[in-house]
Number of protein chains: 2
Amino acid sequence: MTGSTASLRRRRRKAQRVTLNEVAELAGVSPSTVSLYIRKPDAVSEDRAHRVSEAIAKLGYVPNLMAGGLAAASSRIVSVIVPSIRNAFFAETVSTIQAALGSEGFQVLLGHTEYSEAQEEALVRAALSWAPAAIVLTGLSHSHGTRALLAASDVPVVEMWELGGPTIDMAVGFSHEEAGAAAARHLIARGRKNIAYVGARLHEDHRAARRADGFLRELAPESGQAGRIIRHPGPATADAGALLLNRALQQFPGLQGLACSNDLVALGVLFECQRRGIRIPEDLAVIGFGDLGFSASCNPPLTTIRPSGDVIGLEVARLVLASVKGKPEAPEPVIDTSFLLVERRST
Amino acid sequence: MTGSTASLRRRRRKAQRVTLNEVAELAGVSPSTVSLYIRKPDAVSEDRAHRVSEAIAKLGYVPNLMAGGLAAASSRIVSVIVPSIRNAFFAETVSTIQAALGSEGFQVLLGHTEYSEAQEEALVRAALSWAPAAIVLTGLSHSHGTRALLAASDVPVVEMWELGGPTIDMAVGFSHEEAGAAAARHLIARGRKNIAYVGARLHEDHRAARRADGFLRELAPESGQAGRIIRHPGPATADAGALLLNRALQQFPGLQGLACSNDLVALGVLFECQRRGIRIPEDLAVIGFGDLGFSASCNPPLTTIRPSGDVIGLEVARLVLASVKGKPEAPEPVIDTSFLLVERRST
DNA sequence: CGACAATATCGTAGCGCTACGAAACCGGCT
DNA sequence: AGCCGGTTTCGTAGCGCTACGATATTGTCG
């Protein structure tokens, strides 16, 4: 065991992984040909392609993408930055993006900001270090530093999950203000006079806050009431929903309709109503946001707004692919995926 | 606009990002010093550190990690491969891993296998192309090719979320068989005679299947009954829970206790019971798995097994960091995070 | 005040691959 | 046969950085 340190040390610099040159040698072709075969197999004659692929298999060659990326001054990494991957919306979108890009040979470098712009800037800086093929950001609010970094880099940028503001480059999403307004209109159309919006983490979650804005906007002409919003600083959980319901009931006697910033919050409201014997929708109409997995099967099934996180992911992937494949300025770099108000029995 | 193509083309190779050499020149030091400053700021004298950091700020220098990784033959990327990021368990773990590693300057390259070993192998191959600092895999079942790839690479490997089988390198998790057995024992201890296990996606989700095995193992001596498992091929959703409950009721008349492969499934069971007027726990005791966000607030609160996905993530990060920081063979490369049976009112 | 150790700085040879232009090859046609 | 356009193959100069050993600087002590 005496020589082990020395041999370890040597291994670091020498005798490491199989290289493209070794493949070329074994296949009896030039390194260029191997490289070409890997990048565009069709550009190589059948005979050589066969020899090369055999050599790769025999040697167990794994290309070094860092070397490739360095030489090509670009990588097949796509950096996706979301507030939190624990949030089912973003989990779905990230999952879809990664599936769509993965099949095209791109890899997803994940970051989450925990709703902090400073954190986002750090993540963007780190992402840029990999010369990514594209950067995908959540929302339209970014720090000055983030914008500067991005502007200096000419990496394609896609902002997702929000529309209705100036865009860095490309954007896919919908207007949250409209979604909030739609919720309010729906409750009003159902004949509810005394309605409110409850939301979690509104101080950090800009999108939920904008839904609240839209809700309020629709409300004002109706009844002149303002400030019919109740906030919970913590994350959007069922517990928060129960809490928020109780505070809403207390603050707004005779409450007839409630819009929730998130289906998980709405679920908590449902549970608490069951406990308190409040009938839904007879006593209280409840509308959520998200159309999560359980929303159609709870009691009663939840009326909610479906944002189509998977469609957003698909469109993001499409834009990324298009901007990599050449076409510099896509004709429509802003895609409105809209949302759907799904009417179920809770309203 | 005539010359735009040419200028674009030129930009690719020239006039690109600021390099370390330019920083060195501006700061009046050698490139080595700048590099050293970036990697170990303390190893540089205060005077030069100041000059370098100023030059970096003035130039807006962003290091090229591909060049760095190539030269160092390693990167600060950690590849994390999970079955699905939509699954709340893995979302939580990935989130924790990324938070813990992010603060140490590592980045997470995400992959999801959709429960396919072939897909996993492709992801491992892709990950290896980046000479990652470590690879984190889910579970202990991997294809032969995956094992070969990993063996040939001497990258540290952590397998998570499962224990009780041969390990590639390091592992963090718990025994799912034990968890399933604990669920059975709990139902039996509650005096339930006629119990069953319902699970979604058992043919792909090895861990849920092993929980079912453990459940059965505990059951057999009790009553001699076998095959008290009902499977649903689709993913674990509340809908699947409702479905499974109905099939269980039909197949096992007089059913008194039900263990679910997932809290989401259990939630579906709860909902369906509400609809059918089945009282929980009087008529039917229900135990879940996961202790998800809603499990404590539903009606009745759900008895469940908490796997501590965040602790798993933390321990994974710790192992990764330790294996990077030197200490070659950690004294205990297998960490049992165990699980907790949380008794609530559903049993 | 000189010798020596400890610390700080520097010079440079690659890391493995791709882009690019040149060279070789291959029929088909005059 | 000779020429030509298109296709396939090849040679090689870096991409930007780090490791490593060499050199310069500083501090300590007899």
Side-chain angles (χ1 to χ4, degrees), chain A residues 5-6 8-25 27-52 56 59 61-76 105 128-131 133 153, chain B residues 6 8-25 27-52 56 59 61-76 128-131 133 153:
Chain A
T5 316
L8 263 172
R9 175 183 300 256
R10 159 160 298 106
R11 181 156 16 120
R12 263 274 261 59
R13 274 307 211 174
K14 227 50 267 186
Q16 60 249 66
R17 62 203 306 172
V18 180
T19 71
L20 181 145
N21 277 287
E22 298 174 51
V23 173
E25 201 164 328
V29 301
S30 78
S32 306
T33 303
V34 177
S35 172
L36 191 61
Y37 168 77
I38 289 170
R39 285 170 298 127
K40 300 174 190 164
D42 296 336
V44 172
S45 68
E46 201 166 329
D47 151 61
R48 310 227 160 187
H50 185 70
R51 268 153 61 201
V52 171
I56 288 176
L59 258 28
Y61 171 64
V62 176
N64 182 332
L65 292 183
M66 295 198 288
L70 179 59
S74 77
S75 74
R76 291 177 79 78
L128 251 15
S129 301
W130 291 102
S153 74
Chain B
L8 263 171
R9 177 183 298 257
R10 160 160 297 108
R11 179 154 21 119
R12 264 273 261 64
R13 273 307 209 173
K14 243 358 330 159
Q16 60 247 68
R17 62 204 305 168
V18 180
T19 71
L20 180 143
N21 278 289
E22 297 173 54
V23 173
E25 200 164 328
V29 301
S30 77
S32 306
T33 304
V34 177
S35 172
L36 190 61
Y37 169 77
I38 289 171
R39 285 171 299 128
K40 301 173 188 162
D42 296 337
V44 171
S45 70
E46 201 165 327
D47 150 62
R48 311 223 162 195
H50 186 70
R51 269 153 58 201
V52 170
I56 287 176
L59 259 29
Y61 171 63
V62 176
N64 182 332
L65 291 184
M66 294 197 289
L70 179 59
S74 77
S75 75
R76 290 176 79 77
L128 250 14
S129 301
W130 291 102
S153 75

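To find a chain, count down the sequence lines: A is the first, B the second, and so on, and within it residues start at 1.
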- Task: Could you please spell out the steps behind the side-chain contact (heavy atoms from CB on, under 4.5 Å) verdict for B:Val62 and B:Arg17?
- Result: CA-CA 8 Å; B:Val62 176; B:Arg17 62 204 305 168; 3.8 Å; yes
- Determine, stepwise, if the pair A:Met66 / A:Trp130 fulfils side-chain contact (heavy atoms from CB on, under 4.5 Å). CA-CA 9 Å; A:Met66 295 198 288; A:Trp130 291 102; 4.2 Å; yes
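Of the candidates C:dT9, D:dC10, D:dA19, the closest approach to any side-chain atom of A:Ser32 belongs to D:dC10. Listed nucleotides: C:dC17, D:dT18, D:dC10. Nearest to the side chain of B:Ala72: D:dT18. Candidate nucleotides D:dT18, C:dT9, D:dC10 were compared by shortest atom distance to the side chain of B:Val44, and C:dT9 ranks first. Minimum atom distance to the side chain of A:Leu70 is reached by D:dC15, of the listed D:dC15, D:dC17, D:dT9.
In this structure, B:Glu46 places its CD atom 11 Å from P of C:dT9, rounding to the nearest Å. Taking atom OH of residue A:Tyr37 and atom C1' of nucleotide D:dC10, one finds them 19 Å apart after rounding to whole Å. In this entry the distance linking CD of A:Glu22 with C1' of C:dC15 reads 14 Å, nearest Å. If you take CZ of B:Arg39 and P of C:dA8, they are 15 Å apart, rounded to a whole angstrom. Between A:Glu25 atom CD and C:dG16 atom P the separation is 14 Å, expressed in whole Å. One interatomic measurement links the two molecules: CZ of A:Arg76 to P of C:dC17, which rounds to 16 Å at whole-angstrom precision. Between B:Arg17 atom CZ and D:dC15 atom P the separation is 14 Å, expressed in whole Å. Counting to the nearest Å, the C1' atom of C:dT7 and the NZ atom of B:Lys40 are 14 Å from each other.
Residues A:Val23 and A:Tyr37 fail the side-chain proximity criterion, which asks for heavy atoms closer than 4.5 Å.
Judged by distance alone with a 3.5 Å cut-off, no donor-acceptor contact links the side chain of A:Thr19 to the base of C:dG16. For A:Ser30 against D:dG11, no side-chain N or O and base N or O form a donor-acceptor pair under 3.5 Å.
In terms of position along DNA chain C, the nucleotide closest to B:Val29 lies nearer the 5' end than the nucleotide closest to the other residue of the pair A:Ala67 and B:Val29.
Residue B:Thr33 places at least one side-chain N or O under 4.0 Å from the OP1 or OP2 atom of C:dC10. Look at B:Arg48 and you'll find a side-chain N or O under 4.0 angstrom from OP1 or OP2 of C:dT9.
Put simply, the side chain of A:Arg48 never gets that close to the backbone of A:Val29: no donor and acceptor are under 3.5 Å apart. Remark: the backbone N or O of A:Ala131 is paired with a side-chain donor or acceptor of A:Ser75 at under 3.5 angstrom.
Using a 4.0 Å heavy-atom criterion, one finds that A:Leu36 contacts the bases of the nucleic acid, with or without backbone contacts as well.
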